[in-house]
Trainee: 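Got a structure here, written out as structure tokens. Questions coming.
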Number of protein chains: 2
Amino acid sequence: MATLKDVARLAGVSVKTVSNVVNGYSFVKPDNRRRVEEALEATGYRPNLGARNLRRGRTGFIALVLPELSIPYFAELAGLVIAAAQEHEWNVLIEQTFGTLSGERSALASLGPHLVDAAILSPEALEVEDFQLSVPAVILGEHAVDVPISRVGIDNVAASKAAVRHLISLGRTRIAAIGAHPQRGTAALRLEGYRAALAEADLPFVPSLVVPALNYHRADGAAAMKALLDLREPPDAVFCFNDLLAIGAMRAAAERFVRVPSDLAVVGFDNNEESVYSSPSLTSIAPDKAAIARRAVDLLHRQVGSGPGREDVETPFSLQVRESTVAR
Amino acid sequence: MATLKDVARLAGVSVKTVSNVVNGYSFVKPDNRRRVEEALEATGYRPNLGARNLRRGRTGFIALVLPELSIPYFAELAGLVIAAAQEHEWNVLIEQTFGTLSGERSALASLGPHLVDAAILSPEALEVEDFQLSVPAVILGEHAVDVPISRVGIDNVAASKAAVRHLISLGRTRIAAIGAHPQRGTAALRLEGYRAALAEADLPFVPSLVVPALNYHRADGAAAMKALLDLREPPDAVFCFNDLLAIGAMRAAAERFVRVPSDLAVVGFDNNEESVYSSPSLTSIAPDKAAIARRAVDLLHRQVGSGPGREDVETPFSLQVRESTVAR
DNA sequence: ATGAAAGCGCTAACAA
DNA sequence: TTGTTAGCGCTTTCAT
């Protein structure tokens, strides 16, 4: 692999001149510039990023810390973050935590300033004392504990309220919720929105209709739904805290011959691509994922260099109404 | 951030000794070791990976080049590759190509030996002359053109044959195929398996029952299925070259009130998690993705240092029979 | 406008 | 066993 020195020797100039050309600096004598460019071409020179970054004191990477890529929401988000990072010449390093405290801690621990310039976090279990980051960071979605770190995401309370209001507008009165979780900040907020919408419509809050979920996978949604259907008075609607839970819930309903939406209306959260093609298709809260990714990366880019500084960005969402609440 | 020198000064030893301790080399006098370890602890020293790798001539990264993370198969695979890479102290850099030739070319171009130690590729459009890689690489799945690069994947012909044989064993005789593609190597092989299974059962090969798909998204499967249902003699079964196409096909069938599996049996390929929870659940070829990820990473690890060398690894697969072919 | 040389933090010869 | 030192490839003063 050709180095700057090789190119310099071939062009008959100093490394400085070559470096100037490569980086588009200052004025290089046209004659030298031409010679250098020819040498660059001839050697197929490619800068050694490691060396450059060592010198510049930056790494050229940002970390994206998330539970798992096999969860569609995070996979879609990761794709968008990679695209957004590219615009700032950043490469993205993905770390999976599997939503465990130890996984999240070890991901954070590996985030030395030597490895990444900044980090995007989707924590689920971290505690306040864990947030001693050595690089600028931004949290996606809310977190249970209040930490002095920037945040990008939608208004979870408002979004959940919109989802439940929609169910109420359909005339449903026994509306269940799946996905309560003691640790997760977003779960608490979504529950809050759920309760607010019920209160607003003078519907009673029935604790037995709120089912917790330790994980937010399809299997958890199915299990929760089965429990709800076993109730003496089963719900006529259910608000699931993510689409995966909703997909699982619909599956469980189908297995019990409960019809969606006539017997049971279902709303999800995340608007996964999968939900557009399920049968029935799933009504869901659709956060603007592209906006989340772009704003998070931009925010980080601004923060690198200018020090920490907390900033909260609210991104838009919409309610996508589909067959799981309104038959076609 | 503390450097080796800082630690050395604090411990009253040379950087070499500290380096030795950090890297677990040779014998360090117990007394010194203790002092160094205390200093390490006190300073919170973390090695600068960039500098270390610059010196060692490696980068600590491998690239994973794939079409897009929003495709569940690649998202699941990426998660497994990240996990496997961790065992070799590799970080994974994901590059999305969106399946285009230009996207794949620019991804390869950015793969200087300075950036990554090796690469895992899932190419779809690359041509033979593009494979002038400067680092060890392995291709996941087959590729249309024959290149001297290692390969890890299942036997696509055998897998497709198994899928179609299953449909034949159900008594289906007009079996369609969705996903033919002029460029993709895997598409050609899956088509080959499809034809072989038909021939084996003395079923005619009907060209109009083979529908191409430019992309392998759900929408493409739906469009293809609609075309098939418009045929004068529609199929009684369909083999889709991936699960996404199959999900789209089932959706299109449902919209036309065609019942799965009674009117139409459907088989997919990839065994996405999504397919277990769809209604009806989807019969699918299940490649052992964890094995693919692990073998690919291991192979690369062996190849780094020992030079190129081509090696083909065949990983196992199975057929998961579900409701889309056998009603419960 | 260009060259010489220092140095980013680390590892590895080579000495001691 | 430990210290000294060169150098990985690059950028950047500081001269010229």
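Letters go in sequence order (proteins before strands), and every chain restarts at 1. Keep in mind the model is a prediction, meaning the values are calculated, not measured.
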Trainee: What is the distance, to the nearest angstrom, from the CG atom on Leu49(B) to the C1' atom on dT11(C)?
Mentor: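 My rounded result for the distance is 14 Å.
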Trainee: Please give, in whole Å, the distance from dT2(C) P to Asn23(A) CG?
Mentor: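 Distance check: Asn23(A) CG to dT2(C) P gives 15 Å.
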Trainee: For the residue pair Val138(A) and Glu311(A), establish whether any side-chain heavy-atom pair is separated by less than 4.5 Å.
Mentor: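 No; the side chains remain at least 4.5 Å from each other.
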Trainee: Heavy atoms only: give me the nearest Asp312(B)-Ile149(B) pair and the separation to one decimal.
Mentor: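 Shortest heavy-atom separation between Asp312(B) and Ile149(B) comes out as OD1-O, 4.5 Å.
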Trainee: What is the separation between atom CZ on Arg46(B) and atom P on dC10(C), rounded to the nearest whole Å?
Mentor: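 In whole Å, dC10(C) P lies 12 Å from Arg46(B) CZ.
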Trainee: For Glu38(A), what residues pass the salt bridge (Lys or Arg N to Asp or Glu O under 4.0 Å) criterion, not counting sequence neighbours?
Mentor: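 Checked Glu38(A) against salt bridge (Lys or Arg N to Asp or Glu O under 4.0 Å); matches are Arg34(A).
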Trainee: Look at the side chain of Asn48(B) and decide which nucleotide, out of dG3(C), dC10(C), dT11(C), has an atom nearest to it.
Mentor: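 Minimum distance to the Asn48(B) side chain belongs to dC10(C).
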Trainee: The side chain of Pro47(B) is closest to which nucleotide in this list: dA5(C), dG9(D), dC10(C)?
Mentor: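 Among the listed nucleotides, the one closest to the side chain of Pro47(B) is dC10(C).
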Trainee: Quick one: is dT2(D) close enough that its OP1 or OP2 comes under 4.0 Å of any side-chain N or O from Asn32(B)?
Mentor: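 Affirmative; the distance criterion is met.
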Trainee: Measuring from the side chain of Val15(B) (C-beta onward, heavy atoms only), which nucleotide among dG9(D), dT4(D), dT2(C) has the closest atom?
Mentor: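 Closest nucleotide among those given: dT4(D).
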Trainee: Test side-chain contact (heavy atoms from CB on, under 4.5 Å) on Asp130(A) and Glu104(A); report intermediate values, then the result.
Mentor: CA-CA 9 Å; Asp130(A) 290 316; Glu104(A) 296 188 341; over 6 Å; no
Trainee: Flag the pair Asp298(A) and Arg295(A) as a salt bridge only when some basic side-chain nitrogen lies within less than 4.0 angstrom of an acidic carboxylate oxygen.
Mentor: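 A salt bridge is absent here (no side-chain N lies under 4.0 Å from a carboxylate O).
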Trainee: For dT11(D), does OP1 or OP2 lie under 4.0 Å from any side-chain N or O of Arg52(A)?
Mentor: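 Checking dT11(D) against Arg52(A), a side-chain N or O does come within under 4.0 Å of OP1 or OP2.
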Trainee: Return the nearest nucleotide to the side chain of Leu4(B); candidates are dT12(D), dG3(C), dC10(C).
Mentor: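 So the nucleotide nearest the side chain must be dC10(C).
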Trainee: Can you pull out how bent the helix from dA1(C)-dT16(D) to dA16(C)-dT1(D) is, comparing the axes over its first five and last five pairs, to 10°?
Mentor: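 About 40° separates the two local helix axes.
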Trainee: Round to a whole Å and report the spacing from CZ of Arg55(A) to P of dC10(D).
Mentor: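 That distance rounds to 13 Å.
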Trainee: Using the side-chain heavy atoms of Lys16(A), tell me which of these nucleotides is nearest: dT12(D), dC10(C), dT11(C).
Mentor: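 Shortest atom-to-atom distance from the side chain points to dT12(D).
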Trainee: Not counting sequence neighbours, which residues clear side chain to side chain donor-acceptor pair (under 3.5 Å) with Glu68(B)? List them please.
Mentor: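 Once residues adjacent in sequence are excluded, the partners of Glu68(B) under the side chain to side chain donor-acceptor pair (under 3.5 Å) criterion are Ser70(B), His217(B).
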Trainee: Could you state the NZ-P distance from Lys5(A) to dC10(D), rounded to the nearest angstrom?
Mentor: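 Rounding to the nearest Å, NZ of Lys5(A) and P of dC10(D) are 10 Å apart.
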Trainee: Asp270(B) and Tyr216(B): side-chain contact (heavy atoms from CB on, under 4.5 Å), yes or no, with the steps?
Mentor: CA-CA 12 Å; Asp270(B) 284 350; Tyr216(B) 278 24; over 6 Å; no
Trainee: Check the phosphate of dG3(C) against Ser14(A), side-chain N and O only, distance under 4.0 Å to OP1 or OP2. Yes or no?
Mentor: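 Indeed, a polar side-chain atom of Ser14(A) lies that close.
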Trainee: Given atom CG of Leu40(A) and atom P of dC10(D), what is their separation to the nearest angstrom?
Mentor: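 Between P of dC10(D) and CG of Leu40(A): 11 Å.
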Trainee: What is the distance, to the nearest angstrom, from the CZ atom on Arg9(B) to the P atom on dT4(D)?
Mentor: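 Rounded to the whole Å, the gap is 14 Å.
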Trainee: Quick one: do Phe61(A) and Phe61(B) satisfy ring-ring contact (aromatic ring centres under 6.0 Å, His included)? Show the steps, please.
Mentor: CA-CA 11 Å; Phe61(A) 294 98; Phe61(B) 295 98; 4.4 Å; yes
Trainee: Output the single nucleotide from dG3(C), dT2(C), dG9(C) whose closest atom is nearest the side chain of Val28(A).
Mentor: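 The closest nucleotide is dT2(C).
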Trainee: Check this one for me: any side-chain N or O of Thr17(A) less than 4.0 Å away from OP1 or OP2 of dA1(C)?
Mentor: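 Indeed not, no polar side-chain atom of Thr17(A) lies that close.
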Trainee: CG of Leu54(A) versus P of dA6(C): gap in Å, rounded?
Mentor: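 Rounding to the nearest Å, CG of Leu54(A) and P of dA6(C) are 17 Å apart.
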